[in-house]
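Following: one structure in structure tokens, then a few remarks.
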Protein chains: 2
Amino acid sequence: MTKKAPARTPRITIREVASDAGVSVAAVSKVLRNAYGVSDALRTKVQASMEKLNYRPLASARGLRGRTYTLGLIFPDLRNPFFADIFAGVNSALERTQYQAMQGVSVSASSLVEAMIDRQMDGLVLIGPNETNERLNDIADRIPLVAIGHHDIEAVRFDTVNNDDQLGGRLAVRHLCQNGHKKVAMLSLAVPVSTVINQRELGYRLEMTEQGLGSSINIVRAPQVLRDVQLTVRRLLESRDRPDAIFCWTDLMAFEAISVATELGLSIPQDIAIIGYDNTVFCEFAQNRLTSIDQSGEVLGLQATRLLIERIDGRTHSEHFVVTPRVVARASSAKVS
Amino acid sequence: MTKKAPARTPRITIREVASDAGVSVAAVSKVLRNAYGVSDALRTKVQASMEKLNYRPLASARGLRGRTYTLGLIFPDLRNPFFADIFAGVNSALERTQYQAMQGVSVSASSLVEAMIDRQMDGLVLIGPNETNERLNDIADRIPLVAIGHHDIEAVRFDTVNNDDQLGGRLAVRHLCQNGHKKVAMLSLAVPVSTVINQRELGYRLEMTEQGLGSSINIVRAPQVLRDVQLTVRRLLESRDRPDAIFCWTDLMAFEAISVATELGLSIPQDIAIIGYDNTVFCEFAQNRLTSIDQSGEVLGLQATRLLIERIDGRTHSEHFVVTPRVVARASSAKVS
DNA sequence: TGTTCTACGTGTAGCGTTCTACATTTTTGC
DNA sequence: GCAAAAATGTAGAACGCTACACGTAGAACA
């Protein structure tokens with residue numbers, strides 16, 4: 001069925017390093033893992049040989065006995081530039097470690113998680129997982145796990161890293177109110193993709209109530225498809241009691257809202273104020289000038305990675321790291337006289 | 001130094017499947033690889049056992065002898081939503097195969113390539129690699145390789161998949177000219193990140209000349225940093241002989257150009273027309289309405305994957321797949337009276 | 001009828017690491 | 001100066017799978 005691959009230069013193995021350095025294979029392995037019981041002399045000698053032969057340990061072989069020094073990241077989507085921030089954080093946490101991150105992308109993590117376990121990842125970071133607690137526990141039972149963007153303080157088998165989405169929701173509403181926008185609607189998702197969205201909605205509700213705007217609470221839920229979001233926004237903006245402002249659950253959605261508003265000839269923020277979430281790079285652009293809640297993606301990525309490595313190293317109690325979000329104000333939510 | 005990880009449920013191995021099915025380990029392996037010499041009866045029996053025990057082969061172990069059924073994708077960046085299109089193509093090519101893709105992100109592929117070879121990827125797809133032909137040949141010598149966005153028809157050790165960037169450059173200029181824009185500048189990169197950019201510049205030059213606009217040729221090169229791009233664009237737009245139109249080497253750059261133009265109070269396309277490349281989803285938004293060259297990312301990803309698997313299966317002669325780009329016209333480049 | 005094929009299964013030697021158990025040398029404490 | 005302890009190094013058995021080399025049995029052929 002399949003032909004033989006063409007012959008390729010064979011790899012340098014640990015054995016060759018050992019014989020070059022004049023020591024045992026076990027000794028080289030020890031240096032590699034910087035395990036206990038290696039003299040400086042030996043280490044130096046071995047490292048020289050490794051350098052000279054340009055030796056690189058084969059992850060598959062390591063995996064068969066110990067770890068592969070590979071972490072798996074699972075993103076729900078590649079379109080959202082916010083994930084690039086998280087990734088930057090992961091990378092900076094990985095500097096000067098032996099670990100390497102491999103990414104996968106999948107809305108429903110399930111099958112990808114299996115694939116990553118099959119490939120002997122030492123641990124997994126799930127980003128915005130659309131999974132039940134139960135399912136996450138099952139996964140955590142089989143591989144060290146950290147979730148970014150999953151609220152479950154009770155989780156004991158895995159760690160979580162979040163920004164305080166409830167506070168984020170509150171901040172968005174509070175900011176809009178301070179700028180004189182009263183009728184604040186929230187643009188959310190029809191199918192809640194994670195616990196994150198619930199928290200943001202909750203924050204929105206609570207703050208609206210506290211601001212005495214309980215009667216204006218209006219959560220509009222759109223399917224995640226581009227066309228449908230725009231349809232939903234259009235319906236909202238054309239309705240008789242058009243809101244003053246829209247709190248969008250994501251910058252990406254906010255950009256779509258801006259698009260629809262622009263199409264309808266509405267001006268932002270005079271006719272409609274808009275605020276997003278994530279503080280993506282695109283917010284800054286003059287065609288958007290989008291006010292957004294910053295959740296420090298880089299910090300999220302960094303902390304998650306740190307926690308994951310701790311867990312791989314044997315920590316068993318769970319930790320839950322929370323970042324405080326902050327408003328980054330731009331023109332899209334400015335005060336209107 | 002590091003503690004022992006908590007005990008985890010041990011994995012089902014091929015041996016257990018074999019004993020459950022009452023056959024040899026070798027037989028199970030054959031079924032797994034659907035190798036030659038397996039009767040239907042045997043196959044059925046083994047598959048039932050695999051199902052029943054929920055067996056999944058361990059990639060590391062397979063890798064040590066044969067293949068891991070894992071492909072590595074290397075992206076230069078995660079911020080550009082265009083790559084999501086390529087990824088979608090890859091995934092659709094992978095459906096109904098045993099293969100799984102793992103992604104890595106790195107501007108200079110070098111160290112990531114090593115990491116992926118260490119992790120026994122069966123093959124690599126490099127996207128917009130910032131590498132010399134020589135270096136790519138070296139890589140191809142060690143692992144099956146396909147490059148997306150690297151022009152080198154002469155390459156014999158690896159395959160390439162491209163859109164015709166030279167034609168793309170021509171189309172952009174031609175389109176702008178047809179809409180009455182004469183002084184077309186090109187916004188390019190200071191440090192050419194790949195052969196792609198050269199081709200687009202070449203296309204731009206050739207078409208400008210053919211349109212009799214050779215004297216207006218103006219390639220402005222900006223560093224890739226956000227701030228610097230905006231600075232460069234600002235300088236261009238404020239210059240005494242401001243161009244009529246800018247051909248941006250990427251949608252992402254075009255959005256920045258739109259931003260600067262907007263900031264300067266210029267209107268698009270009356271004061272300045274803009275055209276991008278990639279036809280990203282964001283082009284459609286009303287705040288951008290960006291005309292762009294579509295290079296069918298999905299097709300690129302699909303073809304690259306197809307070629308890679310062929311190569312893994314033993315093909316040794318190289319193939320070079322080319323997609324024809326097309327203009328997707330929007331308001332940013334419309335005719336001005 | 002004997003001989004040659006072909007199809008189907010199996011046994012088993014690695015693949016390149018890690019890691020336990022042990023042997024040997026050096027250091028320490030008294 | 002001697003025993004005990006600590007430090008350093010080594011041998012070799014796994015890890016889970018693939019693939020080579022064979023063995024066997026029935027079919028096809030002459």
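Every chain is numbered from 1, with letters handed out A, B, ... down the list of sequences.
The side chain of Arg33(B) lies closest to dT18(D) when the candidates are dT10(C), dT18(D), dG16(D). Nearest to the side chain of Arg15(A), among dA19(D), dT18(D), dT17(C), sits dT17(C). Here dC17(D) is the nucleotide among dT8(D), dC17(D), dA11(D) with the atom lying nearest to any side-chain atom of Arg62(B). Checking dG12(D), dT10(C), dG16(D) against every side-chain atom of Thr13(B), the shortest atom distance belongs to dG16(D).
Whole-Å rounding puts the Leu58(B) CG to dA14(D) P distance at 18 Å. Between the CZ atom of Arg119(B) and the P atom of dG16(C) there is a distance of 17 Å, rounded to whole Å. Between the C1' atom of dG16(D) and the CZ atom of Arg67(B) lies a distance of 18 Å, rounded to the nearest Å. One interatomic measurement links the two molecules: CZ of Arg65(B) to P of dA13(C), which rounds to 12 Å at whole-angstrom precision. Atom-to-atom, CG of Asn34(A) to P of dT8(D) comes out at 14 Å; the value is rounded to the nearest Å. Following rounding to the nearest Å, Lys45(A) (NZ) and dT8(D) (P) show an atom-to-atom distance of 13 Å. Spacing between atom CD1 of Ile14(B) and atom C1' of dC17(D) amounts to 6 Å, rounded to whole angstrom units. Tyr36(B) has its OH atom 10 Å from the C1' atom of dC5(C), to the nearest Å.
Taking a cutoff of 4.0 Å between a charged side-chain nitrogen and a carboxylate oxygen, Asp122(B) and Arg311(B) do not qualify as a salt bridge. Salt bridge status for Arg135(B) with Glu114(B): present, with a side-chain N to carboxylate O gap under 4.0 Å. The pair Asp20(B)-Lys45(B) fails the salt-bridge criterion, with no side-chain N (NZ, NE, NH1 or NH2) lying under 4.0 Å from an Asp/Glu carboxylate O.
Asn162(A) contributes a side-chain N or O that, together with a main-chain N or O of His150(A), makes up a donor-acceptor pair within less than 3.5 Å.
Counting heavy-atom neighbours within 6.0 Å of Gln224(B) CD, excluding the residue itself, gives a total of 12 or less.
Between Ser29(A) and the phosphate of dT18(C), there is a side-chain N or O to OP1/OP2 separation shorter than 4.0 Å.
If you check every strand for non-hydrogen atoms under 4.0 Å, Arg56(A) touches sugar and phosphate atoms only. Residue contacts for Val38(B): at a heavy-atom cut-off of 4.0 Å it reaches the sugar-phosphate backbone alone, with no base atom in range.
Two residues, Gly63(B) and Asp40(A), neighbour DNA chain D, and the one matched to the more 5' nucleotide by heavy-atom proximity is Asp40(A). Looking at which nucleotide of DNA chain C each of Leu42(B) and Ala61(B) is closest to, the 5′-most match is held by Leu42(B).
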